[in-house]
Amino acid sequence: MASESDLHDHHTGVRSAYKHVVRRNPYEPEFQQAVLEVLDNLSPALTRHPEYDDQRILQRLCEPERQVMFRVPWRDDNGNVHVNRGFRVQFNSALGPYKGGLRFHPSVNLGVIKFLGFEQIFKNALTGMSIGGAKGGSDFDPKGRSDNEIERFCQSFMTELHQHLGEHTDVPAGDIGVGAREIGYMFGQYRRLANRWEAGVMTGKGLDWGGSRVRTEATGYGTVLFTQRMLERNGKDLDGRRVVVSGAGNVALYSIERAQQLGANVVACSDSNGYVVDDKGLDLDLLKQVKEVERAGIDVYAERRGQSAHYVRGAGVWEVPCDVALPSATQNELDAKAARTLIDNGVIAVAEGANMPTTPEATSLLRRAGVLFGPGKAANAGGVATSVLEMRQNARRTSWSFDHAEQELAETMAGIHDRCEEAAERYGCPGDYVLGANVAGFERVGNAMLAQGLV
Ligand code: NDP
């Protein structure tokens, strides 16, 4: 992991903000990493705009406005009682109501939710829309749980969380372990407790009851649209490229779908137990059947697909040679060793479908090697942007066609890409999407905080 010493050349405001974060949040390495990654790029903006430092914008940004932690008791199918921990970190509302997903995974703790909430502030700012940043979840493990157990857990979780939500206050969505089924159970419990049909209080809803077309596909599609635009700026495109995707969840599946539609040959993907290589190109219908419908492992995909596919247990999907890599599973899944392998194999672009999947060392290796690098807060912002489109449809009591929603997503991703590009150029680093995303997101939220006074 990068450390404080990496900041020695930086603006004093950046150094003191980071020291403050490390001192105040000592057992939260993911949160410290996410903060360092943003602050590392902000010295030029602070030098150009001393008012940010005068008003301690960095320190204020790094302290969540509100953090909620709560007990989630629930009963399994055998009558045993379990107690999990629930979280909602409402990080920043300068630009709009808090917005960000809920993650159910045993690795969840306060530091993980804070890293995700912090990233979400800048991602949401980059969309150009009116949304603040938040994240939540639980250390509950949905794997192997029955539908009834999932329903009881979601109801218990929402029984506490509902009092902190509202369409103008805080609007959650899905993330790892939270898909349409979980959103349904949580929305139902919210509706019962609040006695309100408040469609805009959650996004990722079913299409028959307030959901938006393209929300399911949006993060994956958006990541690929962002990648395609980065490539086009360099006279290239996805057509005929070998692509490797990690994960086989929501983001991964729809990245594969869009990449295939653009003519790419997607040859590998993974899940938490291993990866599959399929030289003919992945059969997406079979993959969806195994992962979305049957909720089985990708080893089952390899078994059914026959000779062209083989399954490898354990991590290592980045060993598969490719032109374009789309890490779409979880944080810190692409380390320095993997980055070196990708570079040796001639990768030309990496775009983060997941949040912070690339370690700081790996990111800097890829950037130094001249690989086009799309950071998650820009590349995967299509999901949250389409959530805002869902809120818009809810507010107008209307429902758009697939084509219309997809067109809106495409325009939003182009806007995000161009905001990063423009900021990188303005600060003298053309083509540096990491710097561009951090600076453009920061300027928008920082200016809103300056205008709104000391809140
Ligand atoms: P899903 O739960 O749908 O899928 C996650 C996938 O990653 C699964 O295939 C899972 O394996 C795998 N995975 C999860 N944890 C690990 C781990 N520790 N090691 C290896 N593999 C793992 O989640 P999403 O697709 O929604 O989210 C994936 C990433 O994208 C996350 O970083 C999330 O924060 C980010 N993201 C999601 C958005 C969304 O709209 N859903 C929006 C923006 C970012 P298995 O199948 O075995 O469980």
Side-chain angles (χ1 to χ4, degrees), residues 30 34 99-108 112-113 115-120 122-124 126-127 133 135-137 140-145 172-183 203-204 212 214-223 226 245-257 269-276 287-288 290-292 294-301 311 313-318 326-335 338 351-358 374-388 390 409 413 416:
E30 293 90 354
K99 185 92 197 78
L102 298 170
R103 175 177 291 192
F104 293 168
H105 192 272
S107 63
V108 163
V112 167
I113 298 299
F115 118 64
L116 290 161
F118 186 72
E119 285 277 298
Q120 198 81 40
F122 304 94
K123 179 187 313 198
N124 293 2
L126 270 176
T127 63
K135 202 79 186 191
F140 170 69
D141 187 358
K143 282 232 170 79
R145 291 293 171 195
D175 191 79
I176 292 180
V178 178
R181 173 181 61 168
E182 292 75 18
I183 295 288
T203 56
S212 174
V214 187
R215 177 60 190 90
T216 306
E217 296 84 354
T219 308
Y221 276 23
T223 302
F226 189 93
V245 177
S246 65
N250 172 268
V251 178
L253 290 174
Y254 293 94
S255 295
I256 296 170
E257 184 161 294
C269 71
S270 63
D271 65 11
S272 35
N273 297 316
Y275 67 96
V276 64
L287 197 56
K288 282 185 180 171
V290 170
K291 292 304 295 184
E292 284 188 327
E294 299 172 26
R295 297 177 190 272
I298 48 167
D299 49 324
V300 174
Y301 168 92
Y311 176 71
R313 189 161 287 282
V317 72
W318 308 120
L326 303 175
S328 308
T330 193
Q331 61 269 15
N332 291 327
E333 49 153 319
L334 197 168
D335 61 10
E352 297 183 319
N355 286 310
M356 211 169 73
T358 318
K377 57 174 73 69
N380 72 36
V384 74
T386 307
S387 279
V388 175
E390 182 171 333
L409 171 66
M413 292 317 297
I416 292 168

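Every value quoted in this text rests on a predicted model; they were computed, and no experiment measured them. When a ligand or atom number is given, it counts from 1 through the structure's own listing order. The first residue in the sequence is number 1, and the count goes up from there.
- With hydrogens left out, the protein atom closest to atom 6 (C) of ligand 1 is Gly249 N, 3.9 Å, a heavy atom.
- Heavy-atom contacts of Gly177 reach the following atoms of ligand 1: 2 (O) (cutoff under 4.0 Å).
- Residue, atom and distance of the protein heavy atom nearest to atom 38 (C) of ligand 1 are Thr219 OG1, 3.7 Å.
- Protein heavy atom in closest approach to atom 25 (O) of ligand 1: Val251 N, 2.9 Å.
- Checked by distance only, ligand 1 and Leu116 stay at 3.5 Å or farther apart across all their nitrogen or oxygen atoms.
- Heavy atoms of Lys291 found under 4.0 angstrom from ligand 1 belong exclusively to the side chain.
- Summary of contacts: the protein heavy atom closest to atom 41 (N) of ligand 1 is Asn250 OD1, 3.6 Å.
- The protein heavy-atom contact nearest to atom 11 (O) of ligand 1 is Ser272 N, 3.2 Å.
- Heavy-atom minimum distance, His105 versus Ile176: CD2-CG2, 3.9 Å.
- Counting atoms of ligand 1 from 1 in the listed order, those under 4.0 Å from a heavy atom of Lys143 are 45 (P), 47 (O), 48 (O).
- The main-chain N or O of Thr358 is found under 3.5 Å from a side-chain atom of Glu352 such that the two form a donor-acceptor pair.
- Under 3.5 Å, the side chains of Arg215 and Ser387 contain a donor-acceptor pair of N or O atoms.
- Distance alone, capped at 3.5 Å, is enough to place a donor-acceptor pair between the Asn380 side chain and the Ala354 backbone.
- Nearest heavy-atom pair across Ser255 and Leu326 is CB-CD1, 4.2 Å.
- Ile298 places a side-chain heavy atom less than 4.5 Å from the side chain of Leu287.
- Counting the atoms of ligand 1 from 1 in the order shown, those under 4.0 Å from a heavy atom of His105 are 15 (N).
- With a 4.0 Å cut-off on non-hydrogen atoms, Arg103 touches ligand 1 through its side chain and not its backbone.
- A heavy-atom separation below 4.0 Å is not found between Asn273 and ligand 1.
- Here the shortest heavy-atom pairing between Gly204 and Ile183 reads O-CG2, 3.7 Å.
- No donor-acceptor distance shorter than 3.5 angstrom exists from the side chain of Asn273 to the backbone of Gly314, with no hydrogens or angles considered.
- In this structure, the protein non-hydrogen atom closest to atom 32 (O) of ligand 1 is Asn355 N, 3.1 Å.
- The closest protein non-hydrogen atom to atom 18 (N) of ligand 1 is Thr330 CG2, 3.6 Å.
- The contact set between ligand 1 and Arg215, taken as ligand atoms under 4.0 Å from a residue heavy atom, comprises 40 (O).
- Between Glu257 and Lys288 a salt bridge is recorded (basic side-chain N to carboxylate O distance below 4.0 Å).
- Each of the atoms 43 (C), 44 (C) of ligand 1 lies under 4.0 Å from some heavy atom of Asn380.
- With respect to atom 29 (C) of ligand 1, the closest heavy atom belonging to the protein is Ala329 O, 3.3 Å.
- When each of Lys377, Lys123, Gln331 is checked for a side chain to side chain donor-acceptor pair (under 3.5 Å) with Asn355, only Lys123 meets the rule.
- The Ser328 neighbourhood of ligand 1 comprises atoms 28 (C), 29 (C), with distances under 4.0 Å to a heavy atom of that residue.
- Thr203 and Glu390 share no side-chain donor-acceptor pair at under 3.5 Å.
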